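In what follows, a structure is listed as structure tokens, so that the remarks can point back to it.
When a ligand or atom number is given, it counts from 1 through the structure's own listing order. All residue numbers refer to positions in the sequence shown, counting from 1. Here the structure is a predicted model, which means the values were calculated and not measured.
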Amino acid sequence: MIAMAMSCHPQLLLADEPTTALDVTIQAQILDLISELKKKNQMTVVLITHDLGIISQEAQKIAVMYAGKIVESTTAGQIFAKPLHPYTKGLIASIPASCADSDKERQKYLQTIPGSVPSLYNLEPGCRFYERCSYADNHCAQEEPLLDEIERGHFVACWKSSDIQKEGKLN
Ligand code: SF4
């Protein structure tokens, strides 16, 4: 599939879950190949994946999607260091802790995001993450937040992103 996609010398390659169901060795080979082709052909790659490990290794910019909408978008460094959307925070918190992690509680329990994704056929008004969000209030249930530039190059669709940003500065 990659050979077929590359045969037309594209400037943009959309790689949708290119390493799903592959073992880690083949996965690393595929990612190296895509990276090499990207440099050689001066091509942009849009990598679509659920694997945060791959994202942290490969991406320069990240757009996090929830229920069909982008909820946060910025550089890879910002997303992992300072996530401002509750869904992104939940995703990052759910990465299993390593033995080297200083937080012993994280080593004991795997963090999860409660609830499940809403049906796209029957969406309620307001924020799509409302039912699962620990920051939610009435405003969230009534009006859907739009993507807003909270800080330079950092876009977030959440009514509480400024509070979350302040909370991060206090910690
Ligand atoms: S808008 Fe409200 S419900 Fe939606 S993610 Fe932000 S705090 Fe949570």
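Residues meeting the side chain to side chain contact (heavy atoms under 4.5 Å, CB included) test with Ser73, sequence neighbours left out: Ala63, Ile70, Phe155. Not a single side chain to side chain contact (heavy atoms under 4.5 Å, CB included) links Lys61 to another residue, sequence neighbours left out. The side chain to side chain contact (heavy atoms under 4.5 Å, CB included) check on Leu33 picks up Ile2, Leu37, with sequence neighbours excluded.
Within a 6.0 Å sphere centred on CD of Glu124, other residues, nucleotides and ligands contribute 12 heavy atoms or fewer.
Remark: the backbone N or O of Glu149 is not paired with any side-chain donor or acceptor of His154 at under 3.5 angstrom.
Neighbouring protein atoms of atom 6 (Fe) of ligand 1 (N, O or S, distance under 2.8 Å, waters ignored): Cys158 SG.
Judged by distance alone, the side chains of Glu151 and Gln78 do bring a donor and an acceptor atom under 3.5 Å apart.
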